[in-house]
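Take a look at the structure below.
Computed from a predicted structure; not experimentally measured. In what follows, every chain begins at residue 1, and chains take the letters A, B, ... in the order their sequences are listed.
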2 protein chains.
Amino acid sequence: MNMPRTPHPARSRNPAPATADGAPVSTGGVSAAQAADSYGFSEHTRGLLECAATLCARQGGRMTPQRRDVLGLILQADAPVGAYDLLERLRVSDRRPAPPTVYRALDFLLEHGLIHRIERLSAFVPCTHLSHEGEGDTHAHDFPASQPMQGGASACGHEHGACGVHAAQFLICRACGGVTEIADTPRILDMLRTVCREKAFTMQSASVEVEGLCATCAGRQGKADGVQGAGTEQ
Amino acid sequence: MNMPRTPHPARSRNPAPATADGAPVSTGGVSAAQAADSYGFSEHTRGLLECAATLCARQGGRMTPQRRDVLGLILQADAPVGAYDLLERLRVSDRRPAPPTVYRALDFLLEHGLIHRIERLSAFVPCTHLSHEGEGDTHAHDFPASQPMQGGASACGHEHGACGVHAAQFLICRACGGVTEIADTPRILDMLRTVCREKAFTMQSASVEVEGLCATCAGRQGKADGVQGAGTEQ
DNA sequence: TGAACGGATGTAATATTATTACATTCTTTT
DNA sequence: AAAAGAATGTAATAATATTACATCCGTTCA
C-alpha cells in the first residue's frame, strides 16, 4: 500500500503549519476559491482547492473561505484528521472557530464528495478522486452543471455530486495508523450495488473499512512480536 | 428528515423490560451462564445466551453475569442499541453500572464475535451467526477448544473466535432506522480478502456499511416525497 | 490453608466527538 | 434598497468513550 500519507492519524501532531505572517487574509473580500490562505498550503494543495471550487460551483455549491480552509488542511495533512484537530489548526491569526463551524464545513465537503469520513477513526481524509482530477485533466467529469450524474460510477467508485452515491474503501493499519484508500477498482462497489439491488435497497452512501496490519507492520510483528512503531503504512 | 415513531435505532425506547420482581438475581451464586435474569429475557434469548456461553467457554472466555446481561439486552432489542441505552436498561433493581462496565462487556462480546458494532450508528447488534447456531445445531462450528479457526470462513463470513477475522455487512435505512445484516453470502468478504491479499494487508476485522433507503421507505418516498416513517426495514 | 496472582468489576473523573438553538452577517435576488 | 436565503458566530450542552485507580473474586500453587 503505497501511501504518501504517513503515520498515526495526525490527530494532534504538527502544531500548525501557519505562515509567519499572521494576516487574516482568508476572510478578505476576494473570491473564496482563490483567496490567499494563512496555512501555508502547498502549490499542489492550492491546485486541488481550485479544482474543488470548480466542482462545487458546478453543483451549485459555494466554496467559501471556511470550507476552503478546512479542505486545504485535510488535503495538506498526511493522515486522517479529526474534527477537533482541524479546529485547533484553524486557530491562527485571530480566528477562533467553534465546533459547528468545522462540522458545517465538513458536512458540506462530505455532501459534495470532496472528503470521506473514516468511521472507525472519527476522522476525515480527502477523496482520492479529487487528487486524480488534480493531476492532468481537470475536468474528467464533464457532466453539465446542476445535472449530477446518477448511477454511472467512475472507475474509482466515486462520484462527485450531491445526488450521487459516494463510496470508499479503506485499509487501516492498527500498528502505524496509516490509511490507504482502495480506489483503483470498482469491484467492491459493484458487488455492493448488486447486493443492494437484490434486496431492493437504495444505496446512498457506503463505506468499507478493513482494519489490520499493513505489509510493513505485519513484517515487523512477525520478527519482534509486540513491536509497533510509527511509520508509513506499507 | 422526519422520523416520527418507532423502529429507530432503539436508542431510547422501551423503558426497561424488567420483571415485576426486583430481585437482583443475576448476581447470585449460580453459574453466570444460566443465572436467572432481571430483564425478562425470552426463552429464545435465553437459549442464545446458553449457546454464547458455550462458545465463549471454548475460547477460554468467561460469560459473566455482566456480559450475559449486556448480550441479552442486545439480543432482545429490535434495533441497534447504543452503549448508554444499555447503561440505562441495566439500571434496574439496585444496580447502577457506570460506562466502563458496559464498555468492558461490549469489548468482550466484540472480541468473541458475539456482537457487531455499527460504526455509523455507534450502536451494537447481535451477530446473526449466533442466532443461526441457536436454531438447530448448536455446535455448527466444531473447532477444538483453544484452537480458533484461521481463514476458513463460514458461509456468512463470520468467525466466532478471538483470533479470527470478524466481519459484517449492514444495510442501514436512513428513513426508518432499520438495519439488515447481509450474512447470506461470503461474496463481499471474499472480495475483501482478495484485495487485502493483493495489497499484502493482514485483515483483522472489516465492516461494510451501506446507508440508504430500504425497499419500504424508498416506496414511500416515491409516492410522497419527504414522507418518511416508522417501520421495520425489509 | 492461605498467600499470590490475574481477571473481572466498581467508581470517579475526564476526554473526545458532535449537536442544538439562536443571533448575526453576508450574498443574491427582487 | 428591501427581502430572502445561505453561511457563519457563539454559547451551551449532548452523546459517546476512556483513564486511572481501588476492590473483589476465583484459581493456582507454595
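D:dT16 atom C1' lies 14 Å from atom CD of A:E119, rounded to whole Å. With rounding to whole Å, A:L121 atom CG is found 16 Å from D:dT16 atom C1'. Taking atom CG on B:L90 and atom C1' on C:dG10, their separation rounds to 14 Å, with Å as the unit. To the nearest angstrom, P of C:dG10 lies 12 Å from CG of B:L87. Following rounding to the nearest Å, B:L86 (CG) and D:dT16 (C1') show an atom-to-atom distance of 13 Å. Distance CG (A:L110) to C1' (C:dT19): 16 Å, rounded to an integer number of Å. Computed from coordinates, the B:M63 CE to C:dT9 C1' distance equals 16 Å when rounded to whole Å. Rounded to whole Å, atom C1' of C:dT9 lies 10 Å from atom CZ of B:R95.
With sequence neighbours left out, B:R104 forms a salt bridge (charged side-chain N to carboxylate O under 4.0 Å, His left out) with no residue at all. Annotation: side-chain contact (heavy atoms from CB on, under 4.5 Å) contacts of B:A206 (sequence neighbours excluded): A:V210, B:A167, B:L192, B:M203. Under the side-chain hydrogen bond (donor to acceptor under 3.5 Å, both in side chains) criterion, A:E209 pairs with no residue, sequence neighbours left out. When the ring-ring contact (aromatic ring centres under 6.0 Å, His included) test is applied to A:Y103, no partner is found at least two apart in sequence or on another chain. Residues satisfying the side-chain contact (heavy atoms from CB on, under 4.5 Å) test with A:T45, not counting sequence neighbours, are A:F41, A:S42, A:L49, A:L75, A:Q76. Considering only residues two or more places apart in sequence or on other chains, B:T101 meets the side-chain hydrogen bond (donor to acceptor under 3.5 Å, both in side chains) condition with none of them.
Applying the 4.0 Å criterion to OP1 and OP2 of D:dG9, one finds that A:T101 has a side-chain N or O inside that range.
Remark: A:I74 CD1 to A:L130 CG distance equals 11.0 Å, nearest 0.5 Å.
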Polar pairs (N or O, both sides) under 3.5 Å between protein and nucleotides 3-7 of chain D?
| residue | atom | partner | partner atom | Å |
| --- | --- | --- | --- | --- |
| D:dA7 | OP1 | A:R67 | NH1 | 3.3 |
| D:dA7 | O5' | A:R67 | NH2 | 3.4 |

Under 3.5 Å, which N/O atoms of the protein pair with N/O atoms of nucleotides 17-19 of chain D?
| residue | atom | partner | partner atom | Å |
| --- | --- | --- | --- | --- |
| D:dA17 | OP1 | B:R117 | NH1 | 2.5 |
| D:dA17 | OP1 | B:R117 | NH2 | 2.6 |
| D:dA17 | OP2 | B:Y103 | OH | 2.9 |
| D:dA17 | O5' | B:Y103 | OH | 3.4 |
| D:dA17 | N7 | B:Y84 | OH | 2.5 |
| D:dA17 | N6 | B:Y84 | OH | 3.2 |

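Looking only at distances, no side-chain donor or acceptor of B:R120 sits under 3.5 Å from a matching main-chain atom of A:E119.
A:F170 and A:H116 have perpendicular rings, their planes meeting at more than 60° on a 0 to 90° scale where under 30° would count as parallel.
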